[in-house]
Engineer: 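Have a look at this one.
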Amino acid sequence: MWIETKTEVEEASRSRAGFSRRVLDGLMLCTGDVEHLDTYIQEKWFVLQLAVWGLRGVARVILANNPLSGALILAALYWASPWQGLLGTLGVLASTLTAVIVGQDSGDVAGGLHGFNGMLVALLMGVFSSAGDWYWWLLLPVCLGSATCVFLFSGLTTLLDHWDLPAAVFPFNIIIVLYLLCTGTNNPYFPHSPVTPPGAVEPNDTALIAVEVIRGIPLGVGQIYATGALGPSLLILGAVVLYSPLLGVHAVLGSAVGTLAAGLSMAVRHDSLYSGLSGFNGALGCMAVGGLFFTFSWRTHLFAIASAFLSAYSDIALSNLLGTVGLPACSWAATLIATLMLLLTGTLAAYRIPIGQVKAPERNLRWRSQWEAGNTEERESTDV
């Protein structure tokens, strides 16, 4: 009897271990770049393929490449504002379909590279519009602006490929500034709200609310999608962690640097601190360096923190400069700083990953370890 009981306990233990292992394997299939999904949908309907391409484009905004992360982010946008969610969906579809129609590289289209700029253009047009939600005239510039991003992205990619640099969100930043300059605040069809510089003085208010400042750190991640609500911002952060925990850590770290270091030291307006606007460029700058375009190490980790500092301070400077003419700085700061970081030479350049080989940070790290191990074995085998 005792032997039978012991055997049953061991079998139950193995069964639980096997179930836990299957659950873990299932979760691992949902993380990283989910390349097996591309193989699965190759012979499926075009609508399904378009949905996956679009969701990858949604996630690409925050430097992820995972359609499941994109689905979570899209849900967060609809949660925060159904109108903004609709604009974002329309933007990513318009740019992706335009890329398909004009015959852009199929790998780039499938990877969502032609979708994320269009989505950002659509979201920011909605944010700066002073006509309110459900203003249907806005759909016209949203579609045209998102489609135009494809041509800018293609042209800039050809130009920047000479230095192995990504086009990143240069198309979005260019299109949104041109749109706001063309329309103006008093346009009868597409009016937009003027932008206040973050360095503007707030009279009779010098006290900060510590809880609100801390709350601004996760909001800095949400502001990458122009979302200022805590719940959707946490869901967006969860989508980043699903793709890469390492990238998620750098997103929070970069937002904290931008909010607590740059924002407080430069005494920006309190609502910029509380809403996360002071942190999102720092988050982008930190993520770009902290494992995505560079393999992770203690050197590149410090490098990522420096990138967050520079991105956040540059954002304040550009916001004050462009705010004088009523224009937003958008993500110019993080884009320019990340581009400069990729051009650096010296020891850190050895950690840089070629643009065409960029994957999830954990995979980049594993790839580098395997590469270094292979080089070590080769040296040992050739030693006399």
Side-chain angles (χ1 to χ4, degrees), residues 62-63 80 124 127-128 169 173 193-234 236-237 240-241 246-290 298 300-324 326-338 340-341:
I62 204 163
L63 308 179
L124 268 294
V127 166
F128 290 114
V169 290
N173 285 304
S193 305
V195 178
T196 305
V201 178
E202 290 184 346
N204 303 321
D205 186 11
T206 57
L208 282 171
I209 305 173
V211 174
E212 291 295 321
V213 175
I214 299 300
R215 184 174 176 267
I217 295 174
L219 290 180
V221 180
Q223 284 292 357
I224 295 173
Y225 289 88
T227 297
L230 183 59
S233 296
L234 291 175
I236 291 171
L237 180 58
V240 180
V241 173
L246 192 59
L247 203 64
V249 169
H250 281 89
V252 176
L253 178 62
S255 182
V257 168
T259 302
L260 301 179
L264 288 178
S265 65
M266 292 293 103
V268 299
R269 290 183 297 117
H270 292 178
D271 62 345
S272 292
L273 295 173
Y274 299 158
S275 65
L277 288 173
S278 296
F280 79 95
N281 268 279
L284 286 171
C286 195
M287 284 190 292
V289 176
W298 68 268
T300 53
H301 182 63
L302 296 177
F303 190 33
I305 295 173
S307 178
F309 270 108
L310 290 173
S311 297
Y313 280 113
S314 299
D315 177 55
I316 295 171
L318 289 173
S319 295
N320 285 328
L321 175 64
L322 295 175
T324 58
L327 291 175
C330 298
S331 57
W332 277 107
T335 308
L336 291 172
I337 293 300
L340 289 174
M341 293 296 185

Engineer: So which heavy atom on C286 is nearest to which on G254, and how close?
Structural biologist: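 Closest heavy-atom pair between C286 and G254: CB-CA, 3.6 Å.
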Engineer: Step by step, would you call L219 with L230 a side chain to side chain contact (heavy atoms under 4.5 Å, CB included)?
Structural biologist: CA-CA 6 Å; L219 290 180; L230 183 59; 4.3 Å; yes
Engineer: Side chains of S331 and L284: does their closest heavy-atom pair fall under 4.5 Å?
Structural biologist: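 Yes. Closest side-chain heavy atoms under 4.5 Å.
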Engineer: Can you classify the ring geometry of Y274 versus H270 as parallel (below 30°), tilted (30 to 60°) or perpendicular (above 60°)?
Structural biologist: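 Judged by the thresholds at 30° and 60°, the geometry between Y274 and H270 is tilted.
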Engineer: Do the side chain of S265 and the main chain of A262 share a donor and acceptor less than 3.5 angstrom apart?
Structural biologist: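 Indeed, once roles are kept as given, a pair shorter than 3.5 Å links the two residues.
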Engineer: Taking atom CG of L310 and atom CE of M341, what is their separation to the nearest 0.5 Å?
Structural biologist: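 It is 4.5 Å, given to the nearest 0.5 Å.
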Engineer: Side-chain contact, heavy-atom cut-off 4.5 Å: I209 with R215?
Structural biologist: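 Sidechains of R215 and I209: no contact.
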Engineer: Could you check L253, V249, L246, V289 and say which one makes a side chain to side chain contact (heavy atoms under 4.5 Å, CB included) with H301?
Structural biologist: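 In the set L253, V249, L246, V289, the residue that makes a side chain to side chain contact (heavy atoms under 4.5 Å, CB included) with H301 is L253.
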Engineer: If I compare all heavy atoms of N173 with all of A329, which pair ends up nearest, and what's the gap?
Structural biologist: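 Here N173 and A329 meet closest at OD1-O, 4.4 Å.
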Engineer: With a 4.5 Å cut-off on side-chain heavy atoms, are L273 and S278 touching?
Structural biologist: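 They are in contact (side-chain heavy atoms under 4.5 Å apart), so the answer is yes.
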Engineer: Can you measure from CG (D315) to CG (L322) and round to the nearest 0.5 angstrom?
Structural biologist: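 Here the interatomic distance stands at 10.0 Å.
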Engineer: I want to check something: taking the side chain as every heavy atom from C-beta on, are I224 and I236 in contact at a cut-off of under 4.5 Å?
Structural biologist: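 I224 does not reach I236 side chain to side chain.
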Engineer: Over all heavy atoms of both residues, which pair between V241 and G248 is shortest? Give the atoms and the distance, please.
Structural biologist: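 So the minimum-distance heavy-atom pair works out to CG2-CA, 4.2 Å.
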Engineer: Hey, does V252 have a side-chain heavy atom less than 4.5 Å from the side chain of P218?
Structural biologist: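 No, side chains not in contact.
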Engineer: When rounded to the nearest 0.5 angstrom, what is the spacing between CG in L340 and OG in S307?
Structural biologist: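 Those atoms lie 9.5 Å apart.
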Engineer: May I ask you to decide if S311's main-chain N or O and N281's side chain share a donor-acceptor pair within less than 3.5 Å?
Structural biologist: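 A pair under 3.5 Å: no.
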Engineer: Decide yes or no on side chain to side chain contact (heavy atoms under 4.5 Å, CB included) for S233 and V221, but give the supporting numbers first.
Structural biologist: CA-CA 6 Å; S233 296; V221 180; 5.7 Å; no
Engineer: For C330 versus F280, what's the shortest heavy-atom pair and its separation?
Structural biologist: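 Closest pair (atom of C330, atom of F280, distance): O-CZ, 3.3 Å.
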Engineer: For G279, is there any backbone N or O sitting under 3.5 Å from a side-chain donor or acceptor partner on Q223?
Structural biologist: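 Absent.
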Engineer: Using every non-hydrogen atom in the two residues, find where A288 and A338 come nearest and quote the distance to one decimal.
Structural biologist: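 Here A288 and A338 meet closest at CB-CB, 4.1 Å.
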Engineer: Drop me the distance from L327's CG to L321's CG, to the nearest 0.5 angstrom.
Structural biologist: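 L327 atom CG to L321 atom CG measures 9.5 Å (nearest 0.5 Å).
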Engineer: Distance check, rounded to the nearest 0.5 Å: M266 atom CE versus S272 atom OG?
Structural biologist: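 It is 14.0 Å, given to the nearest 0.5 Å.
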Engineer: Side-chain contact, heavy-atom cut-off 4.5 Å: L63 with H250?
Structural biologist: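 Not touching, per the 4.5 Å side-chain cut-off.
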Engineer: Do you know which two heavy atoms are closest between S255 and G220, and how far apart they sit?
Structural biologist: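 Minimum heavy-atom contact is OG-CA, 3.4 Å.
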Engineer: Could you tell me whether the side chain of I62 reaches within less than 4.5 Å of the side chain of L247, counting heavy atoms only?
Structural biologist: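 Sidechains of I62 and L247: no contact.
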